[in-house]
Amino acid sequence: MTAESIAVPGWRHIYSGKVRDLYVPEDGADLSGSSFSDTAEIRAGAVMVVASDRISAFDHVLPTLIPDKGKILTQMSAWWFEQLADIPNHVLTLDVPEQVAGRAMICKSLSMFPVECIARGYLTGSGLKEYQAHGTLWGRPLPEGLADGSRLETPVFTPTGKAEVGEHDEPISIEQVNEAVGQAMGDRLHELTLQIYTTAERIAREQGIILADTKVEFGLDSYRGEVTLGDEVLTPDSSRFWDGAQWEPGRPQASFDKQFVRDWLTSPESGWDRQGPPPELPGDVVEMTRGRYVEAFERLTGTEFTP
């Protein structure tokens, strides 16, 4: 499924990201059937966010689709927005045209902050590499003796800048965040990011899943003038979910995300040097990846995924 190839009556496609596509209402379109159409928010602007079945890895969009991935991500985000109801979010309605049913949300149009807000509660990935080299995480000293998968004493805010599609997000300091958005707003983004992580980590742990880290994005709602949680939230695309029963620091963890894809792409079997276009994924990797996404959704929400 490629969202840009879908004609959605009343909506105009304006942008394609790695896995999501944005639509805005056509001028003069009759949206009277939508549940939000009489509210002031639509007059202030709305955007339809459609999650495709595309998957990205190592800053590349892969040529192979993961069936139902867009629906899983959308429905998981919707569930998490409900769990985080005390934090304003961008969702106006899930009442969307049938062409994109189950994989789209109609949302407030936000002025997004130029920061990827990341919270880490466990040491892994790029954070582990920094720790091994310098004993720090985003410049913050950590205790000695930590290993891959170790739990941190307190979650750490580790922001990055926003890169264009195909480019890599680069770490930035909290001082750079404050320079970009102002001290007061930087403090607010820091606070909200850790609040979201702390709440979600507890909820996931109760379901036997470890939330190792997560990325969230915020924007300013021009109609209400408040900092608002946007994009997706707490999905396997934006978070590391580990199986709590198998967690053991010092080795790679059993995960509910696209690790199957990363592992295959870096294996000799793929033959990919990460320079040219990535290859097609084999069927077993596609099936296992879809299965882990579905399992994460069902274990977290307690409901069966229905395509």
Partner set under side-chain hydrogen bond (donor to acceptor under 3.5 Å, both in side chains) for E287, not counting sequence neighbours: none
Just by distance, no angles: are the side chains of T303 and E298 close enough, under 3.5 Å, to form a donor-acceptor pair? no
For Q99, check side-chain contact (heavy atoms from CB on, under 4.5 Å) against everything at least two apart and list the hits. I6, V8, P9, P97
Please name all residues satisfying side-chain contact (heavy atoms from CB on, under 4.5 Å) with A254, sequence neighbours left out, ordered by chain then number. D243, Q246, R292
Charged N to carboxylate O below 4.0 Å: is that the case for K69 and D53? no
Got a sec, which pairs hit ring pair (Phe, Tyr, Trp, His ring centres under 6.0 Å) with one end in residues 73-105, sequence neighbours left out? F81-H90
Can you confirm whether more than 12 heavy atoms, excluding those of E206, are under 6.0 Å from its CD atom? yes
Decide yes or no on salt bridge (Lys or Arg N to Asp or Glu O under 4.0 Å) for E295 and R290, but give the supporting numbers first. CA-CA 9 Å; E295 185 176 356; R290 181 188 183 278; over 6 Å; no
Residue pairs passing the ring pair (Phe, Tyr, Trp, His ring centres under 6.0 Å) test with at least one member in residues 102-150, sequence neighbours excluded, are Y122-W242, Y122-W247
Output all residues satisfying side-chain hydrogen bond (donor to acceptor under 3.5 Å, both in side chains) with R188, sequence neighbours left out; order by chain, then residue number. E191
Just by distance, with hydrogens left out, do Y293 and D68 show a side-chain donor and acceptor under 3.5 Å apart? no
Tell me, which pairs form a salt bridge (Lys or Arg N to Asp or Glu O under 4.0 Å) where one or both residues lie in residues 250-263, sequence neighbours left out? E248-R251
Could you check whether D59 pairs with K18 (Lys NZ or Arg NE/NH1/NH2 to Asp/Glu carboxylate O, under 4.0 Å)? yes
Is there a donor in the side chain of R20 and an acceptor in the side chain of T74, or the other way round, less than 3.5 Å apart? no
Holding to ring pair (Phe, Tyr, Trp, His ring centres under 6.0 Å), I want the full list of residues that pass it with F157, two or more places apart in sequence or in another chain. H190
Residues forming a side-chain hydrogen bond (donor to acceptor under 3.5 Å, both in side chains) with E280, sequence neighbours excluded: T64
Beyond-backbone contact of V19 with V61, side-chain heavy atoms, under 4.5 angstrom: no
What's the verdict on side chain to side chain donor-acceptor pair (under 3.5 Å) for E232 and T235, showing C-alpha distance, side-chain angles and the deciding distance? CA-CA 7 Å; E232 66 171 359; T235 74; 2.9 Å; yes
Please examine the side chains of F241 and I210, heavy atoms only from C-beta on, and report whether any two atoms are closer than 4.5 Å. no
Only counting residues at least two apart or in another chain, list the ones meeting side-chain contact (heavy atoms from CB on, under 4.5 Å) with P88. E226, T228
Would you list the pairs meeting ring pair (Phe, Tyr, Trp, His ring centres under 6.0 Å) in which at least one residue belongs to residues 258-279, sequence neighbours left out? H60-W272
Can you name the side-chain contact (heavy atoms from CB on, under 4.5 Å) partners of Q75, sequence neighbours left out? K71, F297, F305
